[in-house]
Amino acid sequence: MLDPQLIRNDLNSIAKALDKRGASIDTNKIQKIEDKRKAIQIKTEKLQADRNLISKEIGEMKAKGKDTENLLEKVTSIKNQLEKNEEELTAIQQELNELIIVIPNIPHESVPDGSTEEDNQPIREWGEKPSFDFKINDHVDLGESLEQIDFDSATQITSSRFVVMKGQIARLHRALIQFMLDIHISEHGYQEVNVPYLVNTDSCTNTGQLPKFKEDLFHIKDQDFYLIPTAEIPVTNIVKDKIINDIELPLKFVCHSPCFRSEAGSYGKDTRGMIRQHQFEKVELVQIVQPENSYNVLEELTLNAETILKKLNLPYRVVTLCAGDLGFAAAKTYDIEVWLPSQNTYREISSCSNFESFQARRMKARWRNSKTNKIDLLHTLNGSGLAVGRTLIAVMENYQTKNGDITIPDVLQKYMSNESIIKKS
RNA sequence: GGAGAGGUGGCAGAGUGGUUGAAUGCACCGGUCUUGAAAACCGACAAGCCUUCGCGGGCUUCGAGGGUUCGAAUCCCUCCCUCUCCGCCA
């Protein structure tokens, strides 16, 4: 959520900034409702003050045993007016809130202009793309001929966009999770957390998935819970309604979790293989920081995610998302894209964002400055470190051999009984 | 699932209709004292919102929502959560 003060005082500059990301707001409508809100609120609070004063007086009179008939009459007429005003105020505050809650974050000044993926700005590349002296396969062909990836069974069990992994591939998948967690814990100083995979409406609203993107989520109707599309939701909401002392900051959390996405609206997209699934696993990095540090931390967090790819020796590049491609709550985002030989292109494997105070304001996550004793909103950041399914694909494709086996990256071998190759069993 | 108890400020814990946004203790912050620290003493100490250039003034909030009342932390209703015992269970 944007700062309500800003909305009140400088609506036009917000509109201008949002224009950059291709979002528009009806400034006239908002201004009109805001003006009305102000008038009604002032009037309502005046009436409340009057009522409080007289009620207090009645108490004093009664204590002295005096007659209160006059005062009661007076306060009754105030009460009737007040009820009407309070109703009106509630209604208009709600109307205003509904308008404000769907306004996306303002892009940071360093975010490049642009409206689509095409305008994203590559900022660095790492690693050497492998060259093969044989005809390469994609992960689907590799996995199926190894008989360790089974889409048919998954479809039978549930539906399309699910997968069954078996044997060494399943183990490799798990090894990747262990590896990622271990690096982030012991080399990058994150604390591991294990969180609920079902979350309530409030939590989803705080991080920005609701109310606007309900159709992307799986919803448990009976309980009004949602399956998490990312650990960002439960992990970030750890600081909901909290005031954190600055000596405890930054909070750095790493969390492995499954993620569930309905993928509504991506029907024709990535239908082959494990690129886009309804269920996948992810190791998520979350940092809760002081505002002045958040852009340095965005760089740090992105590098933390990149470290995994470096250690796996997978070629990748980092791009800065242009304003038009930014997610709803993000002020700035770096995407990390891994090289997929079968597609001869880079594919997103991590998205690292600074949300500034956008999420923190919604969840009332604040910190106390121990020098001034003042309270202020925190900044929140997160990024995948990394998406496990897509990392698995990248390993399979980049490490494939001529006869269809897969070499196990050195850093993963200790998680797989020191095996060095995945073969058909 | 059954029976009972309870949810109050950073924490602990008073408060059952009227000047209580809330006693008291602890923690935190400022000060006195001290070479320094501790102790002791003194003082300050919730958040959000509205209004104002500022000083200031006002409103709201005692799990959430509704109700009764001139007035609710306190009474009534619904929901959520926590704890204890029993049952069931990975």
Side-chain angles (χ1 to χ4, degrees), chain A residues 1-11 30-31 33-97 99-101 194-206 220-226 234 237-249 251 258 288 357-378:
Chain A
M1 197 165 70
L2 298 178
D3 185 356
Q5 294 295 345
L6 203 60
I7 290 169
R8 273 172 216 140
N9 301 329
D10 204 359
L11 203 49
I30 295 175
Q31 192 62 57
I33 295 173
E34 163 56 20
D35 290 345
K36 205 166 142 199
R37 186 229 98 226
K38 185 183 276 195
I40 295 172
Q41 182 159 344
I42 290 170
K43 197 170 157 203
T44 305
E45 290 187 356
K46 176 72 174 67
L47 287 168
Q48 286 172 326
D50 291 348
R51 178 207 57 197
N52 290 348
L53 212 65
I54 297 175
S55 292
K56 201 180 226 179
E57 221 175 308
I58 290 173
E60 285 165 16
M61 300 284 266
K62 283 208 166 165
K64 289 179 197 158
K66 288 184 182 167
D67 180 48
T68 57
E69 194 62 33
N70 275 342
L71 290 172
L72 279 174
E73 227 169 85
K74 217 157 111 191
V75 84
T76 304
S77 85
I78 291 175
K79 195 193 167 195
N80 292 334
Q81 273 187 73
L82 184 58
E83 271 170 19
K84 228 181 78 205
N85 273 274
E86 279 177 338
E87 261 173 50
E88 223 176 317
L89 181 62
T90 308
I92 198 141
Q93 280 174 334
Q94 197 183 329
E95 192 181 353
L96 196 58
N97 192 43
L99 288 172
I100 289 171
I101 204 90
N194 189 292
V195 296
Y197 304 146
L198 291 172
V199 290
N200 60 31
T201 303
D202 183 51
S203 295
C204 296
T205 307
N206 289 342
I220 313 284
K221 286 193 186 67
D222 287 352
Q223 313 273 351
D224 201 20
F225 292 152
Y226 295 86
N237 274 286
I238 288 174
V239 294
K240 179 193 298 188
D241 252 322
K242 289 204 169 76
I243 299 174
I244 316 278
N245 287 322
D246 50 10
I247 49 166
E248 293 169 54
L249 295 170
L251 301 179
I288 313 291
S357 58
F358 190 88
Q359 296 179 327
R361 183 171 293 107
R362 289 179 172 219
M363 70 178 97
K364 296 183 185 67
R366 293 159 295 174
W367 67 289
R368 189 184 296 278
N369 185 325
S370 59
K371 291 198 186 81
T372 63
N373 235 18
K374 287 269 190 306
I375 286 168
D376 194 15
L377 291 168
L378 288 156

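Chain naming here is simple, since letters A, B, ... match the order of the sequence lines and numbering starts at 1 in each.
Remark: B:rC33 base-pairs with no nucleotide in the shown strands. Criterion, Watson-Crick or G-U wobble with two distances under 3.5 Å. With both pairing distances under 3.5 Å, B:rC85 is matched to B:rG2 as a Watson-Crick or G-U wobble pair. Across all strands shown, nothing is found opposite B:rA72 as a Watson-Crick or G-U wobble partner with both distances under 3.5 Å. Pairing partner, B:rC28: none, since no Watson-Crick or wobble contact has both distances short of 3.5 Å. Nucleotide B:rU78 forms a Watson-Crick or G-U wobble pair with B:rA64, both donor-acceptor distances falling under 3.5 Å. B:rG9 is unpaired under the criterion used here, namely a Watson-Crick or G-U wobble arrangement in which both key atom distances are under 3.5 Å. A 3.5 Å limit on both hydrogen-bonding distances identifies no Watson-Crick or G-U partner for B:rC53.
Counting to the nearest Å, the C1' atom of B:rC28 and the CD1 atom of A:I243 are 13 Å from each other. One can place CG of A:D224 at 16 Å from P of B:rC79, the figure rounded to the nearest angstrom. In this structure, A:D241 atom CG and B:rC81 atom P are separated by 17 Å, rounded to whole Å. Residue A:N9 contributes atom CG, which lies 11 Å from atom P of B:rC53 at whole-angstrom precision.
Judged by distance alone, the side chain of A:R366 and the main-chain N or O of A:I375 form no donor-acceptor pair under 3.5 Å. Remark: the backbone N or O of A:I243 is not paired with any side-chain donor or acceptor of A:R368 at under 3.5 angstrom. Side chain of A:D3 to main chain of A:Q5: a donor-acceptor pair is present (N/O by atom type, distance under 3.5 Å, no hydrogens or angles).
Heavy atoms of A:Q93 sit nowhere under 4.0 angstrom from any nucleic acid atom. Contact annotation for A:L72: base contact, defined as any heavy-atom pair under 4.0 Å involving a base atom. Residue contacts for A:R361: at a heavy-atom cut-off of 4.0 Å it reaches no nucleic acid atom on any strand shown. Residue contacts for A:I375: at a heavy-atom cut-off of 4.0 Å it reaches the sugar-phosphate backbone alone, with no base atom in range.
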Polar pairs (N or O, both sides) under 3.5 Å between protein and nucleotides 55-62 of chain B?
{"from": "B:rG58", "atom 1": "N2", "to": "A:E45", "atom 2": "OE1", "distance (Å)": "3.2"}
{"from": "B:rC59", "atom 1": "OP1", "to": "A:N52", "atom 2": "ND2", "distance (Å)": "3.3"}
{"from": "B:rC59", "atom 1": "O3'", "to": "A:Q48", "atom 2": "OE1", "distance (Å)": "3.2"}
{"from": "B:rC59", "atom 1": "O2'", "to": "A:Q48", "atom 2": "OE1", "distance (Å)": "2.7"}
{"from": "B:rU60", "atom 1": "OP1", "to": "A:R51", "atom 2": "NH2", "distance (Å)": "3.0"}
{"from": "B:rU60", "atom 1": "OP2", "to": "A:N52", "atom 2": "ND2", "distance (Å)": "3.2"}

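Checking B:rU51, B:rC70, B:rG48 against the side-chain heavy atoms of A:I58 singles out B:rC70 as nearest.
Atom P of B:rG15 sits at a distance of 28 Å from the matching atom of B:rC70, rounded to the whole Å. Across B:rU51 and B:rG63, the matching P atoms stand 29 Å from one another, rounded to whole Å. Comparing the C1' positions of B:rG10 and B:rA46 gives a spacing of 9 Å, expressed to the nearest Å. Of the P atoms belonging to B:rU82 and B:rU68, the separation is 31 Å, rounded to the nearest Å. Between B:rG54 and B:rA72, the two C1' atoms lie 36 Å apart (nearest whole Å). B:rA38 and B:rU32 have their C1' atoms separated by 15 Å, given to the nearest Å. B:rU8 and B:rG25 have their C1' atoms separated by 16 Å, given to the nearest Å. If you take atom C1' in B:rU19 and the same atom in B:rG6, they sit 30 Å apart, rounded to whole Å.
Taken to the nearest 0.5 Å, the CG atom of A:N206 stands 9.5 Å off from the CE atom of A:M1. With values rounded to the nearest 0.5 angstrom, A:I7 atom CD1 is found 4.0 Å from A:I100 atom CD1. Separation of atoms CD1 (A:I101) and CZ (A:R362) is listed at 4.0 Å; rounding is to 0.5 Å.
The 5' end of RNA chain B is approached more closely, in terms of each residue's nearest nucleotide, by A:K38 than by the other of A:E83 and A:K38.
A:E45 pairs in a side-chain hydrogen bond (donor to acceptor under 3.5 Å, both in side chains) with only one of the listed residues (A:Q48, A:K43, A:Q41), which is A:Q41.
A:K62 has no side-chain polar atom (N or O) that falls below the 4.0 Å cut-off from OP1 or OP2 of B:rG18. Contact annotation: A:K74 does not reach the phosphate of B:rC70 (side-chain N/O to OP1 or OP2, under 4.0 Å).
Side chains of A:Q93 and A:N97: no donor on one and acceptor on the other come within 3.5 Å. With no hydrogens or angles considered, a side-chain donor-acceptor pair links A:S203 and A:N200 at under 3.5 Å.
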